[in-house]
Amino acid sequence: MIDFLGIGAQKCGTTWLYEHLKGHPQIRFPAGKEIHFWDSKREQGIAWWLSLFPKTTNERQGEITPAYALLDLETIAAVKAAAPALRLFYSIRNPIARAWSSALMALGRAELTIDEVSDQWFVDHFQSRGSRQRGNYPQCIKNWLTVFPDESFHLTVLDDQRQNPKLTLVKLAAHIGVDTAPFLSADEDMLRLPIFQGPVVEIRPRLLAYLRRLYADEIEQLGRLLARDFTAWSEWDGRHR
């Protein structure tokens with residue numbers, strides 16, 4: 001039986017969450033972090049997906065596939081029909097920084113260096129359907145909450161992971177329904193160590209200005225949706241500290 005599902009977002013600390021969650025004695029990822037059933041393997045059948053999570057007594061089982069944030073309403077409804085008691089969690093970060101990090105990842109996969117590509121190459125990536133959808137957190141949240149009840153959904157913010165990693169994990173453990181003690185007793189300095197950190201490259205000023213304009217509406221919408229001030233995101237100077 002699957003108990004929880006991490007739905008993203010890409011480049012928003014999901015690997016950090018996975019590495020620490022899998023060390024918890026009551027949490028299992030029997031098929032690894034990302035299964036990609038709902039976005040690319042549905043031909044295997046729902047019974048196959050569910051079979052990856054054999055019934056246990058004292059453990060919670062799940063997966064974290066960032067691509068699931070982009071599922072359409074029909075597919076989300078199918079997820080709920082297959083596992084109606086799922087506990088969901090979604091990790092986000094400044095969408096400007098997320099878009100830049102995603103573009104750098106694409107650069108590496110294309111075996112290009114930053115000096116080999118123009119500003120237009122980056123703009124084209126920023127404007128791609130995949131990048132825009134992944135940074136549209138308000139729409140992703142609304143889609144999932146159209147189908148699942150509010151109490152099943154938990155949000156983490158990368159800023160909070162970095163500033164207070166212990167509290168982030170404690171809150172997530174409580175949401176999943178496992179003992180919070182292993183995280184309460186964890187070494188905070190160890191929790192602050194980066195895991196699978198991507199390349200640290202400061203963004204070109206013109207590209208930063210472009211991304212600020214591109215994501216101004218989404219940042220404002222998210223602030224209203226969550227009743228939280230994200231002004232610092234709009235004013236990010238592009239430096240990684």
Side-chain angles (χ1 to χ4, degrees), residues 1-10 12-42 44-71 75-93 140-141 143-158 160-162 164-188 190-193 195-196:
M1 180 179 69
I2 182 167
D3 302 290
F4 64 84
L5 196 64
I7 62 169
Q10 182 198 61
C12 292
T14 59
T15 299
W16 183 88
L17 291 172
Y18 168 71
E19 290 295 332
H20 289 296
L21 289 175
K22 75 176 184 178
H24 190 290
Q26 295 175 336
I27 294 177
R28 294 184 66 239
F29 292 86
K33 181 192 176 208
E34 299 183 29
I35 298 175
H36 285 281
F37 172 74
W38 292 101
D39 64 305
S40 63
K41 298 180 182 177
R42 291 187 68 182
Q44 300 274 8
I46 291 174
W48 172 83
W49 180 64
L50 293 174
S51 74
L52 300 176
F53 307 96
K55 187 175 181 179
T56 65
T57 304
N58 298 314
E59 296 172 319
R60 298 290 186 270
Q61 303 180 100
E63 64 158 311
I64 304 174
T65 299
Y68 291 168
L70 308 185
L71 297 180
T75 305
I76 296 171
V79 175
K80 190 173 191 298
L86 269 181
R87 307 298 283 177
L88 306 168
F89 58 91
Y90 184 44
S91 179
I92 63 174
R93 72 189 289 192
C140 293
I141 293 170
N143 285 348
W144 280 88
L145 289 182
T146 296
V147 177
F148 281 86
D150 290 0
E151 61 268 20
S152 70
F153 190 89
H154 181 76
L155 184 74
T156 70
V157 179
L158 188 61
D160 300 333
Q161 287 183 31
R162 290 171 172 168
N164 200 331
K166 182 179 291 191
L167 183 60
T168 296
L169 291 169
V170 166
K171 288 182 176 180
L172 185 51
H175 177 70
I176 292 172
V178 296
D179 186 9
T180 60
F183 293 135
L184 283 169
S185 62
D187 185 321
E188 188 120 29
M190 293 296 293
L191 293 179
R192 292 183 188 280
L193 294 176
I195 294 175
F196 193 55

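Since the structure is predicted, the reported quantities are computational estimates derived from the model, not experimental observations. We're numbering straight along the sequence, starting at 1.
- Side-chain N or O atoms of Lys80 include none that pairs as donor or acceptor with a backbone N or O of Phe148 at under 3.5 Å.
- Taking all atoms of both residues into account, the shortest heavy-atom contact from Thr14 to Ile64 is CB-CG2, 3.9 Å.
- Note that CD of Glu59 is 11.0 Å distant from NE2 of His24, once rounded to the nearest 0.5 Å.
- Nearest heavy atom pair, residue Met1 against residue Gln61, reads O-NE2, 3.1 Å.
- Annotation: the span from Ile27 atom CD1 to Leu21 atom CG amounts to 4.5 Å, rounded to 0.5 Å.
- Taking CZ of Arg28 as the reference point, atom CZ of Phe4 lies at 10.0 Å (rounded to 0.5 Å).
- Side-chain contact, Thr156 with Lys171: no donor N or O sits under 3.5 Å from an acceptor N or O.
- To the nearest 0.5 angstrom, Phe153 atom CZ is 4.5 Å from Ile7 atom CD1.
- A distance-only check finds no donor-acceptor pair linking the side chain of Thr180 to the backbone of Val170 [under 3.5 Å].
- Summarising the geometry of Pro165 relative to Trp16, their closest heavy-atom pair is CB-CZ2, 3.5 Å, with the distance given to 0.1 Å.
- By the neighbour-count criterion of 12 heavy atoms within 6.0 Å, atom CG of Asp187 is densely surrounded, having more than that number from other residues, nucleotides or ligands.
- Closest approach of Pro66 to Ala9, counting heavy atoms only: CB-C, 4.0 Å.
- Residue Glu34 holds its CD atom at 7.0 Å from OG1 of Thr15, rounded to the nearest 0.5 Å.
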Assess the residue pair Phe37 and Ile46 against the criterion (side chain to side chain contact (heavy atoms under 4.5 Å, CB included)); give the C-alpha distance rounded to whole Å, side-chain angles, the decisive distance to 0.1 Å, and a yes or no.
CA-CA 9 Å; Phe37 172 74; Ile46 291 174; 4.1 Å; yes
Decide side chain to side chain contact (heavy atoms under 4.5 Å, CB included) for Tyr68 and Leu88; before the verdict, give the C-alpha distance in whole Å, the side-chain angles of both, and the deciding distance to 0.1 Å.
CA-CA 11 Å; Tyr68 291 168; Leu88 306 168; over 6 Å; no
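- Between His20 and Ile195, some side-chain heavy-atom pair lies under the 4.5 Å cut-off.
- Between the Arg93 side chain and the Val157 main chain, no donor and acceptor come within less than 3.5 Å of each other.
- In terms of heavy atoms, Cys140 sits closest to Leu70 at SG-CD2, 4.1 Å.
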Would you please test Trp49 and Glu63 for side chain to side chain contact (heavy atoms under 4.5 Å, CB included) and show each step?
CA-CA 11 Å; Trp49 180 64; Glu63 64 158 311; 2.9 Å; yes
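- In this structure, the side chain of His175 engages the main chain of Ser152 through a donor-acceptor pair within 3.5 Å.
- Here the side chain of Thr75 pairs no donor or acceptor atom with the backbone of Leu71 at under 3.5 angstrom.
- Atom CG of Leu191 is separated from atom CD of Glu19 by 12.5 Å, given to the nearest 0.5 angstrom.
- Using a 30° and 60° split on the angle between ring planes, Tyr18 and Phe29 fall in the perpendicular class, above 60°.
- Checked by atom type, the side-chain pair Gln161/Ser91 shows a donor-acceptor distance below 3.5 Å.
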What do the steps show when you test Ile76 against Trp38 for side chain to side chain contact (heavy atoms under 4.5 Å, CB included), and what is the final call?
CA-CA 9 Å; Ile76 296 171; Trp38 292 101; over 6 Å; no
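- The shortest heavy-atom contact between Ala82 and Pro84 is C-CD, 3.8 Å.
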